[in-house]
Each structure stands twice: as structure tokens, then as C-alpha cells.
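Reading through the C-alpha cells given below for one structure.
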Amino acid sequence: MGNGSGSAGRDGAGAAGDARMRLHVVLPDESAAMDVGAVAALAREAEALGYAGVWLPDHVLPPGPYGVSTGYGGVYEALTTLSYLAAVTERVTLGTSVLVAPLRDPLILARQTATLARLSGGRFVLGVGVGWERYEFEAAGADFAARGARTNSTLRVVRQLHTRGGGPYADAFVSFDERAVFEPVPRTPVPFLIGGNSDAALRRAVEFGGYWQAVFLTPAEFAARRKRIEELVREAEPGEGGHRSAEGAGEGAGPRLSAGARTDWAGPGRSAADVRAEVAQWEAAGAEDLAVWFGAADDGFAARMRALAAETGLTGGRITRPQPHPR
């Protein structure tokens, strides 16, 4: 999920087993009453506090109000808002957690993300999921049952255009010939983050590399799914000459994959020490990245964000303080 150092490129975390876990912030985006300037201020403060990245959610047309209680985030469209945040930050990674990929036109998405990569100086990570709200698909005239296949197609199209700058390309959903010209080609392909816990999501993460983000799991459940990734990696190995894992890549291997998760500290029911203990559990479970949502913007978000940074000794995107023994 980026290293918070002005580039979304991986820095080898986990490969040697000695790098500490990175902490990220999922910014509040659940209220139309919140001024966008508040989002920018929180992003700047997260960067100053040493968080590795800031992330925004996505819902195109939910069947109910946006809000903390409904679970619908994304009042300010994620890619547009991240372009704004790119202009007011310098080092922090910027990403979506997560964009509902099958509801986006893949050619437009490739242009938007390539442009955002240029505007941010290579700090952008495209986090995607298949979506879960059937109503949004019906409203958009999209096939809910085909959302997994469309997500895979979208990622392949984006990767094709970001690496080759044009055609030819063809699959069941998109096709263009060798005349197609794409600009701006990113200096390095935009990294992908794959959200979700299913085997299909894990296979997607193994295929495309970058980052995997677990959602709504406990640290123990995360560790089990992380082991499943290792099994899928072995199944996908390119033969005896190549090997790769969630920690790193070997010669002849596919793209490296970092494993991480999302959690929240959304209210006053827990102390910073309690959340620090949870952070220790995630690190012990093998998470290389942990993204935290701190609740509503007007209900202590900034205070909790500051408290966790202090409690974990956050520096350069990573926790530094010795962690308590995981409970």
C-alpha cells in the first residue's frame, strides 16, 4: 500500500522479516455536510504524523443515505478527490479502498488513474473490489453476476494501457486493435490493491500482484487467508525455476504481493493502548499494512488519528515502538 516516501513502489517490506508494519488512514467520506477542505486538512495532518497512506472509499449510487450508520462512504468521488489531495500533500501514498471496478468504464479508468499517477508523482495505488450492493449494479445497468469477470477484465485493460500504451487487446468485454494510442503512459504501471476475502479475490491478488487488503476479518482469520494466498501462489508458480510468495518474489516469479487489512477505531469505547494491542495482533498475524478508519470527521477522527500515531511511535509510515504481546 505504498511506503509513504513519495512513491507507491514497494520497498521490500516483509521480504527480510525485519521491517515493521505500515499504518494508513482511511479518510472520512460519509457526509455531504463535511467541507472538502476538512478532508484535505486531515490528509495533510496524516502525512505530518507519519502515516504511510491516505485512502478513500467508493459508492456510486447507494440505495440509502451516505453515513457512518449505513456503511455507505464515498460522498466525494474518490479519484477526483485524490487528485485534489495530490496537490496538497507531498509524500503520502494516495489510494482507493476500494473502488467498485465493474461499475467503471475501463478505458476511462485507465486514463484517470494514469493522470492521477502523473499528478501525484507516482504516489497513487488503485484499490479495487467487485462490489456487494446489487442495487448499484441494477441502477447502472451492469450485470451483478458478472462483476468478478468484469473486474478482471478492467484490471487487464488498465495494465495493458499502462505498460504498452495501446493495442491490440481483446476479451469478452473490451477490444481495440493496434491503432489504439493511450496517453499518458505512467512512468511505472499504477500498482493495484485487491480488496476482499474470497478465493476469487485472493486469486485476483496473486495474478495482478501489488497489494491484498482483507476486510471484516479478525487477525486470526487474516492469518488463515494469508496462508491460503501462499497455497494459491504455489499453484500459480511458473514451474520449478520460479517461486514467489506473499513476502517477496524470486527469480522468474510473478509480481510481488503484500498482505494487509482494514480496521477501525470509530469511537471512545477503546483507548489508544487498546488499539495499539490490536495493531500488535495484526503485525503478529503477518500484515504488512494496516489501514484504520477513525470514524466520523466531526466525532473525534483527528484526535484518535493523533493518539494512535503517538502510541505506536509512527515514523516514516511504520510503527516503531515495541509492541505489547498480542492478546
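These numbers were taken from a predicted model, which means no experiment stands behind them. Throughout, residue positions are numbered sequentially from 1 according to the sequence presented.
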Quick one: does Thr113's side chain have a donor or acceptor within less than 3.5 Å of a partner on Leu109's backbone?
yes

Side-chain touch Phe124/Leu82, heavy atoms, less than 4.5 angstrom
yes

Which value, rounded to the nearest 0.5 Å, describes the distance between Leu103 atom CG and Arg150 atom CZ?
10.0 Å

For the residue pair Phe222 and Gly286, what are the closest heavy atoms and their distance?
CE2-C, 3.8 Å

Taking the side chain from Glu47 and the backbone from Arg44, do they hold a donor-acceptor pair closer than 3.5 Å?
no

I need the single residue from Thr89, Leu79, Thr81, Val125 that forms a side-chain contact (heavy atoms from CB on, under 4.5 Å) with Leu94. Which is it?
Thr89

Using side-chain contact (heavy atoms from CB on, under 4.5 Å), reason through Ile319 and Leu23 one step at a time and then give a plain yes or no.
CA-CA 7 Å; Ile319 60 176; Leu23 282 185; 3.7 Å; yes

Show your reasoning for whether salt bridge (Lys or Arg N to Asp or Glu O under 4.0 Å) applies to Arg104 and Glu136.
CA-CA 12 Å; Arg104 303 284 179 143; Glu136 291 183 290; over 6 Å; no

Output yes when a side-chain donor or acceptor of Trp293 lies under 3.5 Å from a complementary backbone atom of Ala266, and no otherwise.
no

Minimal heavy-atom distance between Pro102 and Thr151, with the atoms involved, is CD-OG1, 3.1 Å

Derivation and outcome, side-chain contact (heavy atoms from CB on, under 4.5 Å), residues Val26 and Phe294:
CA-CA 8 Å; Val26 180; Phe294 293 98; over 6 Å; no

Within-4.5 Å side-chain heavy-atom neighbours: Glu221 and Phe216
no

Got a donor-acceptor contact below 3.5 angstrom from the Trp55 side chain to the Pro57 backbone?
no

The reported gap from CZ in Arg111 to CG in Leu116 (rounded to nearest 0.5 angstrom) is 13.5 Å

Is there a donor-acceptor pair closer than 3.5 Å between any side-chain N or O of Thr315 and the backbone N or O of Gly313?
yes

Evaluate the side-chain proximity of Leu126 to Pro191: yes if any heavy-atom separation is below 4.5 Å, no if none is.
no

Carefully, step by step, assess Met34 and Val75 under the rule side-chain contact (heavy atoms from CB on, under 4.5 Å).
CA-CA 9 Å; Met34 179 183 65; Val75 168; over 6 Å; no

Output all residues satisfying side-chain hydrogen bond (donor to acceptor under 3.5 Å, both in side chains) with Asp199, sequence neighbours left out; order by chain, then residue number.
Arg225, Arg228

Flag, side chain of Asp29 to backbone of Tyr76, donor-acceptor distance under 3.5 Å
yes

Report yes if some heavy atom in the side chain of Val54 is under 4.5 Å from a heavy atom in the side chain of Tyr51; otherwise report no.
no

Using side-chain heavy atoms (C-beta onward) and a distance below 4.5 Å, is Arg179 in contact with Pro168?
no

Taking the cut-offs as 6.0 angstrom to the six-membered ring centre and 45 degrees off its axis, would you call Arg159 and Phe192 a cation-pi pair?
yes

Is the closest side-chain donor-acceptor distance between Arg262 and Ser97 under 3.5 Å?
yes

Under a 3.5 Å distance rule, please check whether Thr96 uses its side chain to pair with a backbone N or O of Val98 as donor and acceptor.
no

Note: Glu283-Arg321 ion pair, threshold 4.0 Å (strictly below):
no

Is a side-chain donor or acceptor of Thr320 paired with a backbone partner of Leu314 at a separation under 3.5 angstrom?
no

Step-by-step side-chain contact (heavy atoms from CB on, under 4.5 Å) determination, Phe137 to Asp143:
CA-CA 6 Å; Phe137 285 79; Asp143 186 352; over 6 Å; no

I'd like to know if the side chain of His24 reaches the main chain of Gly53, judged simply by a donor and an acceptor atom lying under 3.5 Å from each other, with no hydrogens or angles considered.
yes

Taking Glu133 first and then Arg147, would you say they form a salt bridge - that is, a charged N and a carboxylate O separated by under 4.0 Å?
no

So, taking the atom named CG in Asp171 and the one named OG in Ser153, what distance separates them when rounded to the nearest 0.5 Å?
3.5 Å

Are Leu290 and Thr263 packed together at the side-chain level, in the sense that at least one heavy-atom pair is separated by less than 4.5 angstrom?
yes

Separation between CG of Leu61 and CD of Glu138, rounded to the nearest 0.5 Å
11.5 Å

Contact between Leu193 and Trp212 at the side-chain level, heavy atoms closer than 4.5 Å - yes or no?
no

What do the steps show when you test Phe144 against Trp132 for ring-ring contact (aromatic ring centres under 6.0 Å, His included), and what is the final call?
CA-CA 9 Å; Phe144 186 77; Trp132 53 268; 9.6 Å; no

Arg187 atom CZ, neighbour heavy-atom count above 12 within 6.0 Å
no

Atom pair CG/CD of Leu119 and Gln112 - distance to nearest 0.5 Å
11.5 Å

Using a 4.5 Å cut-off on heavy atoms from C-beta on, say whether the side chain of Tyr169 contacts that of Leu161.
no

Test item: Asp289 side-chain N/O and Ala259 main-chain N/O as donor-acceptor pair under 3.5 Å:
no

Name the orientation class of the two ring planes belonging to His59 and Tyr72 (parallel below 30°, tilted from 30 to 60°, perpendicular beyond 60°).
perpendicular

With a 4.0 Å cut-off, would you call Glu90 and Arg123 a salt bridge?
no

Is there a path of hydrophobic side-chain contacts, each under 4.5 Å between heavy atoms of I/L/V/M/F/W/Y residues, joining Ile194 to Leu232?
yes

Residues Arg306, Glu45: salt bridge by 4.0 Å N-O rule:
yes

From CD (Glu235) to CD (Glu231), nearest 0.5 Å
7.0 Å

Starting from the C-alpha separation in whole Å, work towards a yes-or-no answer on salt bridge (Lys or Arg N to Asp or Glu O under 4.0 Å) for Asp264 and Arg304.
CA-CA 10 Å; Asp264 65 77; Arg304 288 187 288 273; over 6 Å; no

